[in-house]
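In this text the structure is predicted, and so the values were computed from the model without any measurement. The basis for the numbers below is simple: all heavy atoms, side chains too, and nothing from hydrogens, waters or symmetry mates.
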Amino acid sequence: MTGNVFAITDATGGRAARQPACPGVTTALERALNTNRRRHRPGAVIALEGSGRAVVHCVLSGWVSLSKSMPDGQRQIIDFALPGDILNAASGDMAAGAMQIEAVTFASVAEIPRRDWARLSREFPQLGAFEQRFLAEAFARLSERMLRLGKGSAETRIAHAILEFRQRLHAAGSGHDRALHLPLTQQQLGDFVGLS
């Protein structure tokens with residue numbers, strides 16, 4: 001995420017969610033993040049596909065996967081959420097979760113009730129603009145990934161995924177110029193880029 005944002009620290013001193021750099025929204029959002037923070041172990045399911053929980057997930061630390069499953073149990077990882085990402089993974093009718101959300105690493109995630117998120121967005125239009133910018137970036141990433149899945153070679157898919165992770169981590173302020181740690185198994189990376 002680029003633009004007028006900064007990072008706060010979570011209760012353990014680790015890097016936390018990027019926020020709009022506006023004093024009023026920062027205080028209100030920080031309160032909501034701290035009140036609704038949940039910690040998850042690697043492999044913990046945060047939200048099930050099809051669940052009716054009406055929450056917006058804000059990733060404060062760690063890596064989280066978003067996936068869809070086939071009736072036979074096969075799954076496709078749609079995306080990974082990194083610190084500062086906002087997940088409003090509801091279905092089109094807003095009645096159920098469109099994807100499974102699962103902790104890949106130890107993760108801290110704020111689960112803000114959707115009605116509270118909507119109230120914050122009404123009170124602070126900057127938050128709504130921040131979310132819209134985030135969603136536009138996520139859609140741009142998804143369209144690039146779909147192009148690679150449909151037309152790219154295995155090497156191209158993996159290279160693009162690694163470059164995407166590096167760019168996202170660097171934009172969030174947690175990447176390094178010469179090193180990149182991917183906390184993913186080969187299976188998880190394969191599920192993400194559509195390879196066995």
For residues [X] and [Y], report the shortest heavy-atom separation together with the two atoms involved.
X: Gly62; Y: Pro83; answer: O-CD, 3.3 Å
X: Gln76; Y: Gly194; answer: NE2-N, 4.0 Å
X: Ala107; Y: Trp63; answer: CB-O, 4.3 Å
X: Ile46; Y: Ala103; answer: CD1-N, 3.9 Å
X: Asp85; Y: Phe80; answer: OD2-O, 4.1 Å
X: Pro183; Y: Val104; answer: O-CG1, 3.5 Å

Can you measure from [atom1] ([X]) to [atom2] ([Y]) and round to the nearest 0.5 angstrom?
X: Ile78; Y: Met146; atom1: CD1; atom2: CE; value: 8.0 Å
X: Ser67; Y: Gln74; atom1: OG; atom2: CD; value: 13.0 Å
X: Gln186; Y: Leu195; atom1: CD; atom2: CG; value: 11.0 Å
X: Thr105; Y: His40; atom1: OG1; atom2: NE2; value: 11.0 Å
X: Leu48; Y: Gln100; atom1: CG; atom2: CD; value: 5.5 Å

Step-by-step side-chain contact (heavy atoms from CB on, under 4.5 Å) determination, Arg168 to Leu82: CA-CA 8 Å; Arg168 290 176 66 195; Leu82 307 178; 3.7 Å; yes
Leu149 and Arg157: CA distance, side-chain angles, deciding distance, side-chain contact (heavy atoms from CB on, under 4.5 Å) verdict: CA-CA 7 Å; Leu149 286 171; Arg157 295 180 202 183; 4.2 Å; yes
If we only count heavy atoms from C-beta on, is the [X] to [Y] side-chain gap below 4.5 Å?
X: Thr156; Y: Lys151; result: no
X: Glu164; Y: Asp79; result: yes
X: Ile112; Y: Cys58; result: yes
X: Arg115; Y: Arg119; result: no
X: Ile86; Y: Val59; result: no
X: Leu135; Y: Gln132; result: yes
X: Ile101; Y: Leu87; result: yes

Stepwise side-chain contact (heavy atoms from CB on, under 4.5 Å) check, Phe139 with Phe134: CA-CA 9 Å; Phe139 183 76; Phe134 174 81; over 6 Å; no
Are [Y] and [X] co-members of a hydrophobic cluster defined by side-chain heavy atoms under 4.5 Å apart?
X: Ile77; Y: Val45; value: no
X: Phe106; Y: Leu169; value: no
X: Leu120; Y: Leu60; value: yes
X: Phe192; Y: Leu147; value: no
X: Leu163; Y: Leu182; value: no

Among Arg75, Arg41, Lys68, salt bridge (Lys or Arg N to Asp or Glu O under 4.0 Å) partner for Glu102: Arg75
Steps toward side-chain contact (heavy atoms from CB on, under 4.5 Å) verdict (Glu49, Ser69): CA-CA 8 Å; Glu49 182 179 356; Ser69 296; 4.0 Å; yes
Side-chain (Ser143) to main-chain (Ala140) donor-acceptor, under 3.5 angstrom: yes
Short side-chain to backbone donor-acceptor contact, Arg114 and Val56, under 3.5 Å: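 Pair absent, no side-chain N/O of Arg114 close to backbone of Val56.
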Arg141 and Glu137 ion-paired at < 4.0 Å: no
Any donor-acceptor N or O pair under 3.5 Å, side chains Arg37, Ser108: yes
